[in-house]
Trainee: 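Sharing a structure here in structure tokens format.
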Amino acid sequence: MSHMNAEMPAGSAPAAFPRRYLMCRPTYFDVTYSINPWMDPSRPTSTEAGLGQWKKLHDLFVGLGHDVQLVEPVPGLPDMVFAANGAVVVDNKVLVARFRHAQRVDEARAYLDWFGRGGWSEVRQAEHINEGEGDFLYVGGEILAGTGFRSDLRAHDEVREFFDRPVVSLTLVDPRWYHLDTALAVLGEGEVMYYPAAFSRQSQATLAERFPDAILAGEADARVFGLNALSDGRNVVLPQQAAGLAAQLRERGYIPVGVGLTEMLKAGGSVKCCTLELRAEES
Ligand code: ARG
């Protein structure tokens, strides 16, 4: 944890309430395999540039007043920087991920160990394929759950039972938006933004009914992972290329804070993917 030298970025404001985040330094970051359409192992990556970009994101969260904890990166697990996939944490209960692809399966061990150090009312690993907050997003007392590419539909029932919270299943249909958090972001109590074309017709109808006032993203913003954003209820941290969404957010009274995470984008991830929210108290 580093609380030193953190400054509030110009134009931002103190968080609506401070959050607790878990992140993982991209010490071993690389694109050595391809498990989503953005990953091209023949394209060079720079671990050094990745480290610099990640540190800016980390320091930004600290500067906004959030408590950022770190899980130790493991050699040979180049996607571990995407901490959002490690677990779902709601009401101080932890359901650790079970990854779909062999290349990421061993990440779960690191999260089991980290959460195993204590402080949680319950910690266990999911039985069904479950990619953590990549596919499970808490909004206003419920959990929105993605399926289609990664998390198994049976994991949605498991999450409902484990957390004893309503779960709304949503089906993703375009492999470029393979995790729910690449196509939808929670902004505040009951408020979201999403890219409709990433969802099945039925899921589009579900979203339209539940969130009639949602911000709808266009394809250009969705392509630069503008929806892979993280809101603290006031500041919305998102890729700086997502200019359209930034303007829409400003109109709604949010403060968009753009960051450059071009290295992570090569692996198909951005702001939200790098950040797991630790929801301790019942809300
Ligand atoms: N390369 C990683 C994968 O395909 C990226 C994960 C992005 N994480 C996320 N929460 N969407 O698994």
Side-chain angles (χ1 to χ4, degrees), residues 35-38 82 84-91 95 97-101 126-219 221-231 236 238 242 245 248 268-273 275-277 279 283:
I35 54 173
N36 70 55
W38 309 94
F82 301 117
N85 299 127
V88 181
V89 186
V90 177
D91 304 332
L95 191 59
R98 186 171 295 277
F99 287 86
R100 176 163 299 276
H101 296 103
E127 249 174 68
H128 298 289
I129 302 292
N130 175 324
E131 297 209 345
E133 275 209 333
D135 275 325
F136 295 92
L137 295 174
Y138 179 90
V139 54
E142 315 186 309
I143 297 171
L144 303 181
T147 189
F149 297 102
R150 297 293 180 87
S151 298
D152 196 295
L153 193 54
R154 286 169 295 180
H156 295 189
D157 291 327
E158 192 181 359
V159 163
R160 184 180 295 116
E161 276 159 35
F162 183 73
F163 293 106
D164 195 20
R165 294 271 187 179
V167 168
V168 180
S169 287
L170 299 166
T171 303
L172 296 158
V173 293
D174 186 321
R176 289 172 295 177
W177 294 282
Y178 56 93
H179 274 142
L180 181 62
D181 73 355
T182 66
L184 184 145
V186 176
L187 299 172
E189 277 295 303
E191 206 173 5
V192 302
M193 59 181 182
Y194 65 96
Y195 176 50
F199 295 91
S200 69
R201 292 253 167 244
Q202 207 189 328
S203 297
Q204 287 181 29
T206 305
L207 286 169
E209 201 198 318
R210 280 197 126 70
F211 304 106
D213 301 322
I215 293 180
L216 301 183
E219 181 168 346
D221 286 324
R223 272 175 181 273
V224 294
F225 268 49
L227 294 156
N228 199 246
L230 194 58
S231 169
V236 181
L238 82 173
L245 272 179
Q248 285 168 281
S270 191
V271 178
K272 178 65 191 81
C273 298
T275 322
L276 174 64
E277 185 161 352
R279 290 185 186 77
S283 45

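Given the structure is predicted, the values throughout are model-derived calculations rather than measurements. Residues take their numbers from the sequence shown, with the count starting at 1.
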Trainee: Between the side chain of N228 and the main-chain N/O of V271, is any donor-acceptor distance below 3.5 Å?
Mentor: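 Yes: the side chain of N228 pairs with the backbone of V271.
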
Trainee: Spell out, as yes or no, whether a donor-acceptor pair under 3.5 Å connects the side chain of E158 to the backbone of H128.
Mentor: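 Looks like yes, one N/O pair under 3.5 Å.
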
Trainee: Minimum heavy-atom separation for F225 and G268, please, with both atom names.
Mentor: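 Residues F225 and G268, closest heavy atoms: CE2-O, 3.2 Å.
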
Trainee: Can you tell me how far apart CG (L230) and CG (L187) are? Round to the nearest 0.5 Å.
Mentor: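 So the CG of L230 and the CG of L187 are separated by 10.0 Å.
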
Trainee: Ignoring hydrogens and geometry, is there a side-chain-to-backbone donor-acceptor pair from W177 to A222 under 3.5 Å?
Mentor: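 Checked: pair present.
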
Trainee: Rounded to the nearest 0.5 Å, how far apart are CD1 of I215 and CG of L227?
Mentor: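 Reported to 0.5 Å precision, the distance equals 9.5 Å.
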
Trainee: For the backbone of V167 and the side chain of R160, can you confirm whether one donor and one acceptor N or O come within less than 3.5 Å of each other?
Mentor: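 Checking the backbone N and O of V167 against the side chain of R160, a donor-acceptor pair under 3.5 Å is found.
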
Trainee: F211 and V139: side chain to side chain contact (heavy atoms under 4.5 Å, CB included), yes or no, with the steps?
Mentor: CA-CA 11 Å; F211 304 106; V139 54; 4.1 Å; yes

Trainee: Using every non-hydrogen atom in the two residues, find where A229 and A185 come nearest and quote the distance to one decimal.
Mentor: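 For A229 versus A185, the nearest heavy atoms are O-CB, 4.0 Å.
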
Trainee: Are the charged groups of K272 and E133 less than 4.0 angstrom apart, N to O?
Mentor: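 Yes.
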
Trainee: If you measure from CG on L172 to OG1 on T182, what distance do you get to the nearest 0.5 Å?
Mentor: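 Taking CG in L172 and OG1 in T182, the distance rounds to 6.5 Å.
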
Trainee: Please test Q204 against V173 for side chain to side chain contact (heavy atoms under 4.5 Å, CB included), starting from the C-alpha separation and ending with a verdict.
Mentor: CA-CA 11 Å; Q204 287 181 29; V173 293; over 6 Å; no

Trainee: Would you call R154 and D157 a salt bridge, taking side-chain N to carboxylate O under 4.0 Å as the test?
Mentor: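 Answer for the salt bridge query: no.
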
Trainee: Would you confirm whether N85, through its side chain, and E131, through its main-chain N or O, come within 3.5 Å as a donor-acceptor pair?
Mentor: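 A pair under 3.5 Å: yes.
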
Trainee: Is there a side-chain contact between P196 and L207 (heavy atoms, below 4.5 Å)?
Mentor: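 No, every pair of side-chain atoms sits at 4.5 Å or beyond.
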
Trainee: How long is the span from the OG1 atom in T171 to the CG atom in L180, to the nearest 0.5 Å?
Mentor: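 Answer for the OG1-CG pair, T171 versus L180, is 10.5 Å.
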
Trainee: Hey, could you give me each pair passing salt bridge (charged side-chain N to carboxylate O under 4.0 Å, His left out) that has a residue in residues 170-184? Not counting sequence neighbours.
Mentor: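 Non-adjacent pairs meeting salt bridge (charged side-chain N to carboxylate O under 4.0 Å, His left out): D174-R176, R176-E219.
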
Trainee: Looking at S203 and S169, what are the two nearest heavy atoms and their distance?
Mentor: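 Smallest heavy-atom distance, with atoms named: OG-O, 4.4 Å.
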
Trainee: May I ask you to decide if the ring planes of F199 and Y194 are parallel, tilted or perpendicular, using 30° and 60° as cut-offs?
Mentor: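 The rings of F199 and Y194 stand perpendicular, inter-plane angle above 60°.
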
Trainee: Output the distance between atom CZ (F163) and atom CG (L95), rounded to the nearest 0.5 Å.
Mentor: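 Interatomic distance, F163 CZ to L95 CG, rounded to 0.5 Å: 5.0 Å.
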
Trainee: How far does CZ of F82 sit from OG1 of T275, to the nearest 0.5 angstrom?
Mentor: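 Answer rounded to 0.5 Å: 10.5 Å.
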
Trainee: I'd like a table of donor-acceptor pairs (distance under 3.5 Å, sequence neighbours excluded) in which one partner is a side-chain atom from residues 140-148, with atom names and distances.
Mentor:
from, atom 1, to, atom 2, distance (Å)
E142, OE1, R210, NE, 3.2
E142, OE1, R210, NH2, 3.4
E142, OE2, R210, NH2, 2.8
T147, OG1, S151, O, 2.7

Trainee: Looking at every non-hydrogen atom in both residues, tell me the closest pair between Y178 and F149 and how far apart they are.
Mentor: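 Shortest heavy-atom contact: O-CB, 3.6 Å.
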
Trainee: Determine the minimum heavy-atom distance between M193 and L245, stating which atoms define it.
Mentor: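 Minimum heavy-atom contact is SD-CD2, 3.8 Å.
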
Trainee: Heavy-atom distance under 4.5 Å between the side chains of N36 and H179, does that happen here?
Mentor: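 No, too far: nothing below the 4.5 Å cut-off.
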
Trainee: Carefully, step by step, assess R150 and I35 under the rule side chain to side chain contact (heavy atoms under 4.5 Å, CB included).
Mentor: CA-CA 10 Å; R150 297 293 180 87; I35 54 173; 3.7 Å; yes

Trainee: Could you please spell out the steps behind the side chain to side chain contact (heavy atoms under 4.5 Å, CB included) verdict for R165 and Y138?
Mentor: CA-CA 10 Å; R165 294 271 187 179; Y138 179 90; 3.7 Å; yes

